[in-house]
Amino acid sequence: MRGWRVGVPGEAHPALAAAAVAALDAYTAATAEHDRATLAAVVADGADGTPTMRIDVLVEDAILGALARHPVNVLTEETGWVDHGSALTLVIDPVDGSANAAAGVPLAAFSAAVAEDGVFTEALTVWLDTGRSWWARAGEPSPLRTSGRTALSGAAVSLLRPHTADPGAGAAWWEVARRAARVRILSTSCLEGALVAQGATDAFADAATDTHRLVDIAASVVLAEAAGGAVRDVFGRAVELDTDLTRRWSGVVAATPELADELATVLREACQAGRDG
């Protein structure tokens, strides 16, 4: 089975569904009504300290408006932590792949995970340009299935771009590229994680650059594990709920725990060797 569907699943948590619908509607309107320069204009700094594009604000504002009717906490890329005293928290990336979206490259996603008392229990990622969606709830059967690959040799791997200014990160990136059969750079971590859960690619990773925020990888924790895969951090840090968006991970999403562990080890060891010279 393909594991994905078109549209927002009816069985999703109401707050999660409302956020996704608002994101789809706002994204469609924004890309139809504004030119690329307007969408790409930096209008603020996000909660993580990185620049916020206008397209991020347009979509996030719509999501927060839709969630006003749902008494859940929200952790979102631009606004940060919104505490409503609930046991439920939505960890949201309104537009993952903002630069793609603003430029007209059709590779951007809405992605969110539900945390209950700090534990990720449900996730939804929606490809904003097509409406294709991936949903899972922890502990329940899922049509999602990874490729099942257990070894890096011969694998198809998506990576964030190489950071050659850091000799360790550059060495890590090229070591994975040397061992893998295929490397892709899509510049949308949430979508790439969903493609691992679907079995379309074997793994996705940040090559030891500590680029990922929680909003970039939270949904993959649920989606990948429901499909038989695993999520790791290159440096062994737990991927857990934290309201501090300045916290970073080097995330690895892989088809199996074996591949996730191997990929994290290869990246960590190559990074250290590159820094040691």
Side-chain angles (χ1 to χ4, degrees), residues 15-84 86 88-105 107-115 120 123-129 160 187-194 206 209-220 239-249 251:
L16 185 60
V21 170
L24 274 165
D25 290 346
Y27 179 86
T28 300
T31 53
E33 295 169 7
H34 300 288
D35 61 22
R36 294 175 183 177
T38 301
L39 293 174
V42 174
V43 295
D45 286 331
D48 66 345
T50 61
T52 299
M53 294 183 183
R54 180 170 281 109
I55 190 167
D56 296 313
V57 173
L58 292 171
V59 177
E60 183 166 302
D61 284 353
I63 291 171
L64 292 176
L67 289 176
R69 299 183 295 276
H70 300 271
V72 297
N73 308 325
V74 181
L75 180 67
T76 189
E77 183 174 8
E78 312 308 335
T79 301
W81 175 241
V82 180
D83 188 357
H84 288 131
S86 175
L88 293 181
T89 296
L90 261 61
V91 178
I92 302 174
D93 195 337
V95 183
D96 180 60
S98 302
N100 284 345
V105 176
L107 290 170
F110 160 88
S111 190
V114 177
F120 297 119
L124 173 64
T125 294
V126 181
W127 186 356
L128 290 168
D129 292 279
L160 295 184
S187 300
T188 169
S189 298
C190 298
L191 184 56
E192 288 168 295
D206 167 26
T209 67
D210 281 357
T211 294
H212 284 143
R213 302 147 302 181
L214 186 62
V215 297
D216 297 313
I217 53 175
S220 288
V239 180
E240 59 191 2
L241 183 64
D242 191 327
T243 60
D244 180 6
L245 281 179
T246 65
R247 187 176 175 187
R248 292 289 193 270
W249 287 265

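In this text, all values refer to a predicted model and were calculated from it rather than measured experimentally.
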Hey, could you give me the [atom1]/[atom2] distance between [X] and [Y], rounded to the nearest 0.5 Å?
X	Y	atom1	atom2	answer
R247	D210	CZ	CG	11.0 Å
S98	D93	OG	CG	7.0 Å
L39	E33	CG	CD	10.0 Å
D216	L245	CG	CG	9.5 Å
T31	I55	OG1	CD1	6.5 Å
D45	E78	CG	CD	9.5 Å

Does any non-hydrogen side-chain atom of [Y] lie less than 4.5 Å from one of [X]?
X	Y	value
V239	L214	yes
I63	T76	no
V72	T89	no
E60	T52	no

H70 vs L90, test: side chain to side chain contact (heavy atoms under 4.5 Å, CB included). Steps then yes/no. CA-CA 11 Å; H70 300 271; L90 261 61; over 6 Å; no

List the atom of [X], the atom of [Y], and the distance in Å for their closest heavy-atom pair.
X	Y	answer
A22	A66	CB-CB, 3.7 Å
V215	C190	O-SG, 3.7 Å
T28	L24	OG1-O, 2.8 Å
S86	P71	CB-O, 3.3 Å
L16	A112	CD1-CB, 3.5 Å
S187	N100	O-ND2, 3.6 Å

Partner residues of [X] under the salt bridge (charged side-chain N to carboxylate O under 4.0 Å, His left out) criterion, sequence neighbours left out:
X	value
D206	none
E77	R213
D129	none
R36	none

The single option from D244, V74, N73, D242 that satisfies side-chain contact (heavy atoms from CB on, under 4.5 Å) with W81 is N73

May I have the step-by-step check of side chain to side chain contact (heavy atoms under 4.5 Å, CB included) for L107 and W127, ending in yes or no? CA-CA 7 Å; L107 290 170; W127 186 356; 4.1 Å; yes

Residue list, side chain to side chain donor-acceptor pair (under 3.5 Å) with D35, at least two apart or on another chain: T38

Any residue meeting side chain to side chain donor-acceptor pair (under 3.5 Å) with S220, in chain and number order, not counting sequence neighbours: none

Examine distances only and state if a side-chain atom of H212 and a backbone atom of I217 form a donor-acceptor pair shorter than 3.5 Å. no

Using atom types as modelled and distance alone, determine if a side-chain donor or acceptor of T125 lies under 3.5 Å from a backbone N or O of S111. no

T188 versus D96, side-chain donor and acceptor atoms under 3.5 Å: yes

For side chain to side chain contact (heavy atoms under 4.5 Å, CB included), just list the numbers for V59 and F110, CA-CA rounded to whole Å, side-chain angles, deciding distance to a tenth of an Å, and then say yes or no. CA-CA 9 Å; V59 177; F110 160 88; 5.9 Å; no

